[in-house]
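One structure is given below, encoded as structure tokens.
Letters go in sequence order (proteins before strands), and every chain restarts at 1.
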Number of protein chains: 4
Amino acid sequence: MTQTKVKVKLGENNYGKAEINLMKINRDGKRHEIRELQVRVGMTGDFDAAHSQGDNSELVATDTVRNTVYGLAKEGFRSSPEEFGKELVTHLVKTGARVSGGFMEFTEHLWDRIQVDGQGHDHSFVRQMPKRTGRVESEDGQTFKVTSGIAELYVLKTTESGWENYLLDERFTTLPETHERVMATFVTARWEYNTDNPDYDAVWEKVFRQLQVTLTDHYSPSLQNTLYLMGEAVLSACPEISRIWFRMPNMHHLQYNLQRFGLENNLEIMHVDPEPYGLMEGWVERA
Amino acid sequence: MTQTKVKVKLGENNYGKAEINLMKINRDGKRHEIRELQVRVGMTGDFDAAHSQGDNSELVATDTVRNTVYGLAKEGFRSSPEEFGKELVTHLVKTGARVSGGFMEFTEHLWDRIQVDGQGHDHSFVRQMPKRTGRVESEDGQTFKVTSGIAELYVLKTTESGWENYLLDERFTTLPETHERVMATFVTARWEYNTDNPDYDAVWEKVFRQLQVTLTDHYSPSLQNTLYLMGEAVLSACPEISRIWFRMPNMHHLQYNLQRFGLENNLEIMHVDPEPYGLMEGWVERA
Amino acid sequence: MTQTKVKVKLGENNYGKAEINLMKINRDGKRHEIRELQVRVGMTGDFDAAHSQGDNSELVATDTVRNTVYGLAKEGFRSSPEEFGKELVTHLVKTGARVSGGFMEFTEHLWDRIQVDGQGHDHSFVRQMPKRTGRVESEDGQTFKVTSGIAELYVLKTTESGWENYLLDERFTTLPETHERVMATFVTARWEYNTDNPDYDAVWEKVFRQLQVTLTDHYSPSLQNTLYLMGEAVLSACPEISRIWFRMPNMHHLQYNLQRFGLENNLEIMHVDPEPYGLMEGWVERA
Amino acid sequence: MTQTKVKVKLGENNYGKAEINLMKINRDGKRHEIRELQVRVGMTGDFDAAHSQGDNSELVATDTVRNTVYGLAKEGFRSSPEEFGKELVTHLVKTGARVSGGFMEFTEHLWDRIQVDGQGHDHSFVRQMPKRTGRVESEDGQTFKVTSGIAELYVLKTTESGWENYLLDERFTTLPETHERVMATFVTARWEYNTDNPDYDAVWEKVFRQLQVTLTDHYSPSLQNTLYLMGEAVLSACPEISRIWFRMPNMHHLQYNLQRFGLENNLEIMHVDPEPYGLMEGWVERA
């Protein structure tokens, strides 16, 4: 399979280290604080010679990136993961001769204190399901674009939701309309800021609570409408957020056909169908 | 690849339906209750002809098993999943000409009420991480062996744990001893009962709380010892339980070596290593 | 938690059906052909009223999308999944009053014929590991942007690879240089075309073979260089491809330290470390 | 939550290290050989004091177990993973004061040589999907019970399979009978030996081929019958095997209802339904 080589060039690219699992424990005082992140770091810059010539000179090893994450986590990372991301990218641009920019993405695993006699314990924790996510990106190591997010927030309501008045395609529509169904979704959200130094931790808490509350406060004619109302509520509650994106699968809970067995089923006995699912994605922005 | 056939026979066997996803919603009154199970049902009996002769006569189709799960969930399933499992197996033995026994295994997904103004909402829920599990088994469709369990309970303590005084193998031991470390484990537990009709739901709640509390109440010299103390505490709190089994991986949180960079690390900056992990399994029983 | 509502608007958005699992079997003649796709379909268009007003009128239900996928698979889908994607998006734009564009993404599961006496069997198949992927997108239902790809191609070489001459960061570099190591990567690739109607199936086969061959034909000074050479080889072999993107994790195979036990280790006994990993991403384009 | 402690004791138990990822490369000569295992090692013995008293004296650390796996892989592991398991357990019983027995379980990842110009390459490999599994167990470190297996063998046939003549339950049977369907299963198999030192590698190859061939050689009236015929064929082909166990899910490929759209569907357009699935388990033994 010998080929004449054509002329090619390197396009957009980055490299770094992924799935670095970091826990930082604050042991000042008896009441410990923990934060656990899975981090991905990517660097951008002048990496042409490495790719086209196999010339690694002045290239930062990804192993060095790993060491840097743990080292800087000790010296910095005093507030949010987003601020830690800024420290990290700034450092890599400063120390990497060929690095001009980069990004850090993270997934934060959330831990609650274990409850003992109604009190959260000082140093014992239990993992929660939803995740906090984020991405900090810079083209110059000085100015940053920050996105924060939530993942794996699985919510459900057993009433106050329907799906009606949609297009009846002459051939392919078979679904009956309803104004009473079970609605469930596994929310992924991401938002951007209109200010440089928001309190990322406080905003996250507010969004996390608001998404759950909004689910409860309206009759939902569609996941699309709920997506929009969640966006509206978040933008109303958080002036620091400029826009928010959602990915909301419709986790179908289908009424199982019990009529065949002579049994009624008033949305009591549901089949939870894993695949396929309706999938809605959209941004809600300030007008 | 023509072979002379040797004489063979069917050994222990079962068949049924797996990963049936069922939600039952109780809509009596304004405050809805939900239970979501992933169910596996297996039947045992005289299935020799089906296997060796391809003779399906009087064989229950697995599709019928699925229908049965949903149908009986409507008519029964009024308390715990364990009781539902008994109803199901009893029914299959009664209606399946060749079925003499069987089992139902389940994983229950746990949902909390969404909090609105400090109150749990009537019909809106958010998924939790730990899972409730169980298995109901019968050889005759009348008497049952029941096992209940917990899975995906991820707990961690940042102090009050160590690992010392172990065997120093002349060649292969390289780990230093310590009386201060981070200990984390992803508990799977299963227990048996010494009574036929315990309140399965109440016992589960008690075990779930107790496991967390026991993690906090002692200095742990090893996961083995914590496993034992958890067992002892559960057996002390729940007279209905005869014995309890644990599978406890040691989710290693390793102090990252920062000395190389001129930095101290007093168990502040940890590398969470996913693989490999220490793994402890054991039963704790009444003496 | 009552909030004054701010004014918001809907931004970029789409909706559709995901994880539709489709198999099409060609039964013309004795020698059956199968194709198995997991499909996601998204629609774009004027969905503002649905989101902001809860007005579903003229909206295509995602259930209708599912039916459409299976219906059109019967009537069309005579060649590649990419061509099927074009048929599907064209149809949705034509029949959906509010739909102006859309996309279909797919993952194709690959099946080989089972070998019997050295011949591929007529109607029996065994699943392979790598996957074929693709995305067909249109803004108007008439002109298309097509991307094809490969996923889960896990390749490894035991020699002819190294990592040297990189930046020695004064603090954070601890990795020693080497010109002999094990290199392994789990290739994800995606490419674009410079022609409207290439033979998608033939191109895929060529890329799939070429990536494997290129791995073998050079000493690799870095994954970045191998990424580039793979891109160069593909662009040389396939005039239909305009550019190709790779995501190549460095699946670290680390020499286990056996010296502590008085044993030599000349890259014989390796620890395969799942996390973290180096991660390279980049486009290779025609110059 | 203070409880009076009841008297308890330790039941059956074991501990060790799981998910140790090991690759051994044979570099004798130009043509390299590789084997990649994920290993779990468990030890049994007198671990009562560790559990009940927190007394770790003479306990083997799981970190020592890991080192032992890599160290012994260098000194031994010259043939099959099963033989390596015997070496490992023998060693642990010999060196661990409190260890009287133990087991090693493994999953072997399979690699093919990359094909270049029709030849398998000397040192470049591509990962395959099926896995080889096994478990070696001993109560005394001298005599062994060995089980070998296959996992993730996904096979499918598009014809020559049906499901008829089964029990028509008056209420819950809704499935129509058929003598023509698509049958697919994701085989897990495990077998035992009637000899102490079989050629484990050769037997595995034979079973792996035979399972595929048997799928093709008969009309299947049920997965149960195919399970039995696979067992019969393996026992006929491999005199070293005493009995074989299968776990065979029925990966449902359902004819999608196209009649609603005025289209015929002669098992051409199939919905691959991931959950639930029929599940068959059984042993086939020598008569």
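For B/His179, the NE2 atom sits in a loose shell: 12 or fewer heavy atoms of surrounding residues, nucleotides or ligands are nearer than 6.0 Å. Sparse packing is recorded around NZ of B/Lys9, with 12 or fewer heavy atoms of other residues, nucleotides or ligands lying under 6.0 Å away.
The residue among B/Asn21, B/Leu235, B/Thr226, B/Asn67 with the most heavy atom pairs within less than 4.5 Å of chain D is B/Asn67. When B/Gln38, B/Glu75, B/Arg98 are compared by the number of non-hydrogen pairs under 4.5 Å with chain D, B/Glu75 comes out ahead. For the options B/Val284, B/Leu167, B/Val41, heavy-atom pairs under 4.5 Å to chain D are most numerous at B/Leu167. With respect to chain B, the highest number of heavy-atom pairs below 4.5 Å among D/Met280, D/Met43, D/Met248 belongs to D/Met280. Of all the listed residues (D/Thr64, D/Leu10, D/Leu229), the one sharing the greatest number of non-hydrogen pairs under 4.5 Å with chain B is D/Thr64. Chain D forms more heavy-atom pairs under 4.5 Å with one residue of B/Ser57, B/Ala233, B/Gly282, B/Ser52 than with any other, namely B/Ser52. Interface summary for chain D: among B/Gly16, B/Ala50, B/Ser222, the most heavy-atom pairs under 4.5 angstrom belong to B/Gly16. With chain D as partner, the option from B/Tyr219, B/Tyr277, B/Tyr166 having the largest number of non-hydrogen pairs under 4.5 angstrom is B/Tyr277.
Side chain to side chain, B/Thr62 and D/Asn250 fail the donor-acceptor criterion of an N or O pair below 3.5 Å.
Side-chain contact between B/Asp63 and D/Thr174 is present, with heavy atoms from C-beta onward closer than 4.5 Å. Side-chain contact between B/Val8 and D/Tyr228 is present, with at least one heavy-atom pair separated by less than 4.5 Å. At least one side-chain heavy atom of D/Gln224 sits under 4.5 Å from a side-chain heavy atom of B/Tyr15.
Taking all atoms of both residues into account, the shortest heavy-atom contact from D/Pro276 to B/Ala18 is CB-O, 3.0 Å. Across all non-hydrogen atoms, the minimal contact from B/Gly54 to D/Pro221 is CA-CG, 3.6 Å.
With hydrogens and angles ignored, the 3.5 Å screen pairs no side-chain donor or acceptor of D/Asn13 with any backbone N or O of B/Glu281. No side-chain donor-acceptor contact under 3.5 Å links B/Asp169 to the backbone of D/Val60. For D/Asn165 (side chain) and B/Asn56 (main-chain N/O), no donor-acceptor pair under 3.5 Å exists by modelled atom type.
One distance of note links CD of B/Glu164 with CG of D/Asp55; it measures 12.0 Å at 0.5 Å rounding. Atom CD of D/Glu285 is separated from atom CD of B/Glu12 by 9.0 Å, given to the nearest 0.5 angstrom.
By a heavy-atom distance cut of under 4.5 Å, D/His91, D/Thr95 are the residues of residues 88-95 of chain D near chain B, going up by number.
With a 4.5 angstrom heavy-atom cutoff, B/Gln53 touches chain D only via backbone atoms. Contacts of B/Asn14 with chain D are made by both backbone and side-chain atoms, with heavy-atom separations under 4.5 Å. Residue B/Arg66 touches chain D through its side chain alone, counting heavy-atom pairs closer than 4.5 Å. With a 4.5 angstrom heavy-atom cutoff, B/Leu227 touches chain D only via side-chain atoms. Looking at B/Arg243, there are no atoms closer than 4.5 Å to chain D (heavy atoms on both sides), in backbone or side chain.
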